[in-house]
Undergrad: 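Handing you a structure now.
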Amino acid sequence: MIKIFRKIRYKLMEKGKTTQYFKYAIGEIILVVIGILIALQINNWNEERKTAKFEKEILSQIKENLVQDRENLVDIKYWHQKALAASAKLINDSLRTKHLDSVPYWLGEVVHFSRFQPLTNSYEALKSTGINTVKNPELRKSLGVYYDDHANHIVKALGDVEYAFNNHWLPLMESHATNFEFRNILEVNNIEEFFSETNVWRLLMLNRDNIAASITRLEFTMASVDKTLSLMPTHLQTNQ
């Protein structure tokens with residue numbers, strides 16, 4: 001089309017028809033501008049399509065990670081609830097003395113720790129590309145609340161329990177334990193002597209409080225995961 005306008009302009013110039021020449025020149029400019037605008041629009045459409053594809057793919061991966069994180073959190077909460085219940089039984093003098101055969105199993109449930117490492121690779125990839133890739137502002141906020149707040153806090157809370165295991169329980173176990181199976185049983189050479197140690201009572205109280213705080217934190221974290229999952233687009237596909 002532009003070539004046609006150009007040929008017409010040349011002929012008009014040759015014939016001295018300047019006014020018509022300028023009209024065709026302006027028409028040629030308009031066509032060029034329209035062509036540029038169309039090219040820009042096509043480019044914008046392509047970019048939007050690429051962005052939408054990336055958003056779908058990255059959110060699908062994050063959704064899979066969140067589902068896996070939640071399963072791990074549920075498992076950790078289960079063991080912490082058992083530990084909290086066992087702590088209450090061990091602290092109860094009358095209950096403990098009536099069920100001495102159960103004490104090793106209660107101790108086994110108490111003297112343990114759990115680790116949690118949130119799956120963050122996909123979220124970090126999203127942040128490096130630009131969190132605004134996610135169109136839903138509420139979902140963007142919810143992702144940040146989980147990954148940058150709740151996940152960090154639960155890792156720290158579980159770390160406190162692990163610290164008590166490594167630095168407080170292990171020294172006692174080295175002195176008194178005759179059998180230990182993680183999360184199952186802790187047998188000691190003399191139960192009464194073991195519980196007569198001041199450190200045992202202090203550790204039981206500390207462990208109970210740490211575990212109770214961890215359960216509360218676990219519940220907050222799982223609620224954060226649930227909210228984030230509820231805000232995910234419904235068309236996402238996962239392997240779960």
Side-chain angles (χ1 to χ4, degrees), residues 65-120 145-228:
N65 290 345
L66 288 172
V67 170
Q68 185 61 58
D69 279 358
R70 194 184 193 287
E71 290 178 0
N72 293 338
L73 291 168
V74 168
D75 183 65
I76 292 170
K77 182 183 176 183
Y78 166 79
W79 287 106
H80 273 55
Q81 286 176 323
K82 292 191 71 171
L84 186 62
S87 294
K89 296 172 185 175
L90 291 169
I91 292 170
N92 188 320
D93 285 335
S94 60
L95 185 63
R96 189 184 70 255
T97 54
K98 288 179 182 178
H99 300 277
L100 290 178
D101 290 343
S102 299
V103 169
Y105 297 99
W106 295 344
L107 283 171
E109 292 172 355
V110 168
V111 183
H112 90 284
F113 64 90
S114 298
R115 290 174 179 167
F116 176 67
Q117 184 60 52
L119 302 173
T120 62
V145 168
Y146 170 66
Y147 282 106
D148 299 327
D149 183 17
H150 287 295
N152 291 332
H153 280 94
I154 192 59
V155 169
K156 183 180 183 304
L158 296 177
D160 291 340
V161 177
E162 183 176 357
Y163 179 88
F165 176 89
N166 290 323
N167 294 277
H168 301 147
W169 284 112
L170 280 182
L172 280 173
M173 291 164 61
E174 289 174 357
S175 302
H176 297 274
T178 57
N179 181 33
F180 176 64
E181 296 177 18
F182 193 68
R183 288 179 174 171
N184 183 31
I185 190 171
L186 169 57
E187 294 179 300
V188 295
N189 47 25
N190 188 310
I191 291 178
E192 292 303 323
E193 180 182 337
F194 183 70
F195 278 90
S196 67
E197 289 208 14
T198 304
N199 277 346
V200 172
W201 288 105
R202 184 179 62 81
L203 286 179
L204 283 172
M205 296 291 188
L206 178 64
N207 222 61
R208 180 194 61 184
D209 293 343
N210 282 343
I211 288 172
S214 295
I215 290 173
T216 301
R217 180 57 63 182
L218 283 163
E219 290 171 346
F220 281 136
T221 306
M222 286 188 288
S224 180
V225 171
D226 290 339
K227 180 179 180 180
T228 306

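Quantities reported herein were computed from a predicted structural model and do not represent experimental measurements.
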Undergrad: Let me confirm one number: the CG-CD1 distance from Leu84 to Ile215, rounded to the nearest 0.5 Å.
TA: 4.5 Å

Undergrad: Quick one: CG on Leu95 to NE2 on His99, what's the gap to the nearest 0.5 Å?
TA: 5.0 Å

Undergrad: Has the side chain of Asn152 got a donor or acceptor atom that lies under 3.5 Å from a matching backbone atom of Asp148?
TA: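 It does hold such a pair.
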
Undergrad: Report yes if some heavy atom in the side chain of Phe220 is under 4.5 Å from a heavy atom in the side chain of His153; otherwise report no.
TA: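 No, too far: nothing below the 4.5 Å cut-off.
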
Undergrad: Looking at Val110 and Leu90, what are the two nearest heavy atoms and their distance?
TA: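 Closest approach of Val110 to Leu90, heavy atoms only: CG2-CD1, 3.8 Å.
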
Undergrad: Could you walk me through whether Val225 and His150 pass the side chain to side chain contact (heavy atoms under 4.5 Å, CB included) test, one step at a time?
TA: CA-CA 9 Å; Val225 171; His150 287 295; over 6 Å; no

Undergrad: Ignoring hydrogens, what is the shortest heavy-atom contact between Thr97 and Glu192? Give both atom names and the distance.
TA: CG2-OE2, 4.5 Å

Undergrad: Just verifying a value: how many Å separate Ile211 CD1 and Asp160 CG, rounded to the nearest 0.5 Å?
TA: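 Taking CD1 in Ile211 and CG in Asp160, the distance rounds to 11.5 Å.
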
Undergrad: Quick one: does Ile185's side chain get under 4.5 Å of Phe180's, heavy atoms only?
TA: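 A side-chain contact under 4.5 Å is absent here.
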
Undergrad: Would you give the length of the straight line joining atom CZ of Phe182 to atom CH2 of Trp79, rounded to the nearest 0.5 angstrom?
TA: 9.0 Å

Undergrad: With the side chain counted from C-beta on, respond yes when Val188 and Glu193 share a heavy-atom pair under 4.5 Å apart, and no when they do not.
TA: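 No, their side chains stay 4.5 Å or more apart.
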
Undergrad: Step through the shown structure and confirm whether more than 12 heavy atoms of other residues, nucleotides or ligands are within 6.0 Å of CG on Asn190.
TA: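 More than 12 heavy atoms, drawn from other residues, nucleotides or ligands, come within 6.0 Å of this atom.
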
Undergrad: Which heavy atom in Asn92 sits nearest to a heavy atom in Ser94, and how many Å separate them?
TA: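 Reported closest heavy-atom pair: OD1-OG, 2.8 Å.
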
Undergrad: Any luck finding a side-chain donor-acceptor pair between Asn210 and Tyr163 under 3.5 Å?
TA: no

Undergrad: For the atom pair CG (Asn189) and CG (Asn179), what is the distance rounded to the nearest 0.5 Å?
TA: 12.0 Å

Undergrad: Provide the full list of side chain to side chain donor-acceptor pair (under 3.5 Å) pairs with a residue in residues 211-225, sequence neighbours left out, each pair given once.
TA: Lys77-Glu219

Undergrad: Applying ring pair (Phe, Tyr, Trp, His ring centres under 6.0 Å), can you list everything that pairs with His176, at least two apart in sequence or on another chain?
TA: Phe194

Undergrad: Decide yes or no for Arg70 and Val67: does some side-chain heavy atom of the first lie under 4.5 Å from some side-chain heavy atom of the second?
TA: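 Sidechains of Val67 and Arg70: no contact.
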
Undergrad: Enter the distance from Leu73:CG to Leu158:CG here, rounded to the nearest 0.5 Å.
TA: 8.0 Å

Undergrad: Take Asn199 and His168 through the test side chain to side chain contact (heavy atoms under 4.5 Å, CB included) and record every step on the way to the result.
TA: CA-CA 8 Å; Asn199 277 346; His168 301 147; over 6 Å; no

Undergrad: More than 12 non-hydrogen atoms from neighbouring residues, nucleotides or ligands closer than 6.0 Å to NZ on Lys82, yes or no?
TA: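 Count over threshold, so yes.
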
Undergrad: Does the side chain of Gln68 reach to within under 4.5 Å of the side chain of Asn72, using non-hydrogen atoms?
TA: yes

Undergrad: Is a side-chain donor or acceptor of Trp201 paired with a backbone partner of Phe195 at a separation under 3.5 angstrom?
TA: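 A pair under 3.5 Å: yes.
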
Undergrad: Give the table of side-chain donor-acceptor pairs shorter than 3.5 Å for residues 111-120, with sequence neighbours excluded, one pair per line with atom names and distance.
TA:
residue, atom, partner, partner atom, Å
His112, ND1, Glu109, O, 2.9
Ser114, OG, Arg183, NH2, 2.6
Arg115, NE, Glu162, OE1, 3.2
Arg115, NE, Glu162, OE2, 3.0
Arg115, NH2, Glu162, OE2, 2.6

